[in-house]
Number of protein chains: 2
Amino acid sequence: MDPIGFSSHDHAGCIAGNLARIEARCKQAKLQLTPVRRRVLEILLQDHRALGAYDILDRLRDEGLGSQPPVAYRALDFLVKHGFAHKIERMNAFVACAHPGEDHAPAFLICRKCDMVVEAQTEPARGQLGSSAKLAGFLIERAVVEAEGVCLNCAEGPQS
Amino acid sequence: MDPIGFSSHDHAGCIAGNLARIEARCKQAKLQLTPVRRRVLEILLQDHRALGAYDILDRLRDEGLGSQPPVAYRALDFLVKHGFAHKIERMNAFVACAHPGEDHAPAFLICRKCDMVVEAQTEPARGQLGSSAKLAGFLIERAVVEAEGVCLNCAEGPQS
DNA sequence: ATGCATTTGTTATATCATAACGTTAATCGT
DNA sequence: ACGATTAACGTTATGATATAACAAATGCAT
Ligand SMILES: [Zn+2]
Ligand SMILES: [Zn+2]
Ligand SMILES: [Zn+2]
Ligand SMILES: [Zn+2]
């Protein structure tokens, strides 16, 4: 709910906090946060933007952590599967989760000027969509919700 | 709002009606509904499912209407641009619009068992997402809303 | 130490999408 | 009707995204 990302915040703490929370959760759930997986997570946490798998792969290659697509995709699969990252379908790109571990249905606000991504919450089965679903006898299991628009910072700027 | 697609309906009329409405709109707006574009539209209208660009291209090729990817993508671009079809981002696939011409913000209910797609309406700026956006000073311009779940027909069946 | 499951490295390939360019066809002002 | 302009098409080539498959290495419980 808190619109981190567009607003300025203690981002170093933001990164460290999420990383620590995820490490704890992996330990607790006996998940292997291996070097590649951890590094991909760090790269995604670096800024509140979505990165393509091949962008990530480039970084990994530079650091000697892997050079072939499956390396990046496997790490991303792990992170997404366990809710530590999300895929932005419109962009074929990935973003670190802003509420790791909290069991949530993510929705995204994506600025088309600065590419910043903010994670918000949604309740897929509620609202108009929920009504339509009910009417159709459709059981919603999950939903992709990705809003595109302009963030506060970019709206203020002189550029159109 | 009406959950056509899962429920049985006069589908021949459904196709004919949408096609007629779109033809009229093209005439009125001086848009060229060329043979390829029209055929792609017909293929999409055939059933309330999403088709990949290459599935459509295969059909076109069989009918001698074009054999290379740009043929399909250009027709789809036209249809999407003018609101006669929509892209389902999660599936990299396309579906005919259920409310052509009506100027609407589409949302989709997608059955993971039978692949049926129902188009519903959404008001992106309302509800929880709207609240989050307002809080963040974010201006929503459009939104991808794609719910996955199980439709009435598939829920009733014996198969899990 | 042994056996089993998970992860990694690598090659190859599948799938989705567009750039570029010359040709053809529709549109429009004259 | 005519030529200029714009829009659509056919084709080749390539780019971008994603996965299959399998052998080697590692982690982990007994
Ligand atoms: Zn931050
Ligand atoms: Zn999240
Ligand atoms: Zn129908
Ligand atoms: Zn529609």
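Computation of the quantities below employed the complete heavy-atom set of this structure, encompassing side-chain atoms and omitting hydrogens, waters and symmetry-equivalent molecules. In what follows, chains carry the letters A, B, and so on, assigned in the order in which the sequence lines appear, proteins first and then strands, with residues in each chain numbered from 1.
Between C:dA17 and B:Asn92, a contact under 4.0 Å exists linking OP1 or OP2 to a side-chain N or O. Close to C:dG9, at under 4.0 Å from its OP1 or OP2, lies no side-chain N or O of A:Ser67.
For the pair A:Pro70 and B:Leu31, nearest-nucleotide mapping onto DNA chain D gives the more 5' position to B:Leu31. Judged by closest nucleotide on DNA chain C, B:Met91 is the one of B:Gln32 and B:Met91 placed further toward the 5' end.
A salt bridge links A:Arg61 with A:Asp58: at least one charged nitrogen is closer than 4.0 Å to a carboxylate oxygen.
Once rounded to the nearest 0.5 Å, the distance linking CD of B:Gln68 with OH of B:Tyr73 reads 13.0 Å. Atom NE2 of B:His82 and atom CG of B:Asp77 lie 10.0 Å apart (nearest 0.5 Å).
Rounded to an integer number of Å, the gap from NZ of B:Lys27 to P of C:dT27 is 11 Å. Rounded to whole Å, atom C1' of C:dT10 lies 16 Å from atom CG of A:Leu65. Counting to the nearest Å, the C1' atom of C:dA14 and the CG atom of B:Asp55 are 14 Å from each other. The separation between A:Gln68 atom CD and C:dT7 atom C1' is 16 Å, rounded to whole Å. Protein atom OH of B:Tyr73 is 18 Å distant from nucleotide atom P of C:dA20, rounded to whole Å.
A:Asn92 has its side chain within reach of A:Lys87: a pair of non-hydrogen atoms, C-beta onward, lies under 4.5 Å apart. A 4.5 Å side-chain heavy-atom check between B:Asp55 and B:Ile43 finds every atom pair outside the cut-off. By the 4.5 Å heavy-atom criterion applied to side chains, A:Leu33 and A:Phe78 are counted as neighbours. The closest side-chain heavy-atom distance from B:His86 to B:His104 is below 4.5 Å.
Neither B:Met91 nor A:Val80 shares a network with the other; the hydrophobic side chains, linked directly or stepwise wherever heavy atoms of I, L, V, M, F, W or Y lie under 4.5 Å apart, form separate groups for each. A:Leu65 and A:Leu51 fall within a single hydrophobic cluster, where Ile, Leu, Val, Met, Phe, Trp and Tyr are joined by side-chain heavy atoms under 4.5 Å apart, directly or via other members.
With distances taken from any side-chain atom of B:Lys30 to the nucleotides C:dT10, C:dC28, C:dT18, the minimum falls on C:dC28.
Proximity of residues 74-88 of chain A to DNA chain D (heavy atom under 4.0 angstrom from any strand atom) is restricted to A:Arg74, A:Lys87.
Along DNA chain D, read 5' to 3', the first and last nucleotides having any atom under 4.0 Å from a heavy atom of chain A are D:dT17 to D:dG27.
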